[in-house]
Amino acid sequence: MTRRFVLFTATAAVLVGLAGTLAHSQTTGDALDPVIVAADTHRVAFENAFVRILEVRIPAGKTEPRHRHPHGLSVYFSDWEAKGTIDGKPAQVNSRKSGTFAWSDAIVHTVENVGNTEGRVLRIELKY
């Protein structure tokens with residue numbers, strides 16, 4: 001097993017455990033759900049009562065429409081440059097590195113891949 005796989009598996013297990021301690025409900029019909037507004041880049045890879053895991057693939061040059069994510073963890077599987085614009089804040093470019101991950105609180109944003117490589121992300125979203 002690779003270190004990356006072990007880290008991902010351990011992280012996912014911890015998140016499922018944490019989510020189990022929270023009251024949970026899934027927002028349905030959310031007009032800003034990325035699976036709806038950015039269906040060409042977001043796909044549900046796994047879902048249960050505690051988490052929703054999205055497989056995200058953002059081609060170079062692609063800008064995703066404004067969408068929402070609940071609290072969650074992003075695991076990066078490629079090196080790429082992401083220009084994110086969070087509602088009410090100036091745009092910021094971040095270098096994403098394969099094998100790294102980042103926590104984010106609930107967010108409404110747009111994302112543009114300003115690099116030359118596809119952005120590949122697993123987004124683990126908590127339901128509560």
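Under the 4.5 Å side-chain heavy-atom criterion for grouping Ile, Leu, Val, Met, Phe, Trp and Tyr, Trp103 is connected to Phe101 within one hydrophobic cluster. The hydrophobic clustering, which links ILVMFWY residues whose side-chain heavy atoms are closer than 4.5 Å, places Ile124 and Phe46 together. Under the 4.5 Å side-chain heavy-atom criterion for grouping Ile, Leu, Val, Met, Phe, Trp and Tyr, Val121 is connected to Val44 within one hydrophobic cluster. Leu122 and Phe50 fall within the same hydrophobic cluster, defined by Ile, Leu, Val, Met, Phe, Trp and Tyr side-chain heavy atoms under 4.5 Å apart, directly or through other members. Follow the hydrophobic side-chain contacts under 4.5 Å out from Val35 and you reach Val56 in the same cluster.
Partners of Ala91 under the side chain to side chain contact (heavy atoms under 4.5 Å, CB included) rule, at least two apart in sequence or in another chain, are Lys83, Thr85.
Contact of the Ile86 side chain with the Val108 side chain is not registered, since no non-hydrogen atoms from C-beta on lie closer than 4.5 Å. Proximity of Val111 to Lys62: side-chain heavy atoms (C-beta onward) are nowhere separated by under 4.5 Å. Contact check for Arg96 versus Ser78: no side-chain heavy atoms found under the 4.5 Å cut-off.
Ion pair Arg68/Asp33 not flagged as a salt bridge, since none of the NZ, NE, NH1 or NH2 atoms sits closer than 4.0 Å to an Asp/Glu carboxylate oxygen.
A distance of 9.5 Å separates OG1 in Thr63 from CD1 in Ile58, rounded to the nearest 0.5 Å. The CZ atom of Arg52 sits 4.5 Å away from the CD atom of Glu125 when rounded to the nearest 0.5 Å. Taken to the nearest 0.5 Å, the CD atom of Glu112 stands 11.5 Å off from the CD atom of Glu81. Between atom OG of residue Ser98 and atom CZ of residue Phe77 there is a gap of 7.5 Å, rounded to the nearest 0.5 Å.
Under the side chain to side chain donor-acceptor pair (under 3.5 Å) criterion, the residue pairs touching residues 113-123 are Arg57-Glu118, Ser74-Arg123, Ser104-Arg123, with sequence neighbours excluded.
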Starting from the C-alpha separation in whole Å, work towards a yes-or-no answer on side-chain contact (heavy atoms from CB on, under 4.5 Å) for Asp105 and Ile107.
CA-CA 6 Å; Asp105 290 331; Ile107 187 173; over 6 Å; no
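None of Lys89, Arg66, His67 except one satisfies the side chain to side chain donor-acceptor pair (under 3.5 Å) rule with His109; the exception is His67.
Counting all heavy atoms, side chain and backbone alike, Pro65 lies closest to Thr110 at C-CG2, 4.0 Å.
Lys127 contributes a side-chain N or O that, together with a main-chain N or O of Asn48, makes up a donor-acceptor pair within less than 3.5 Å.
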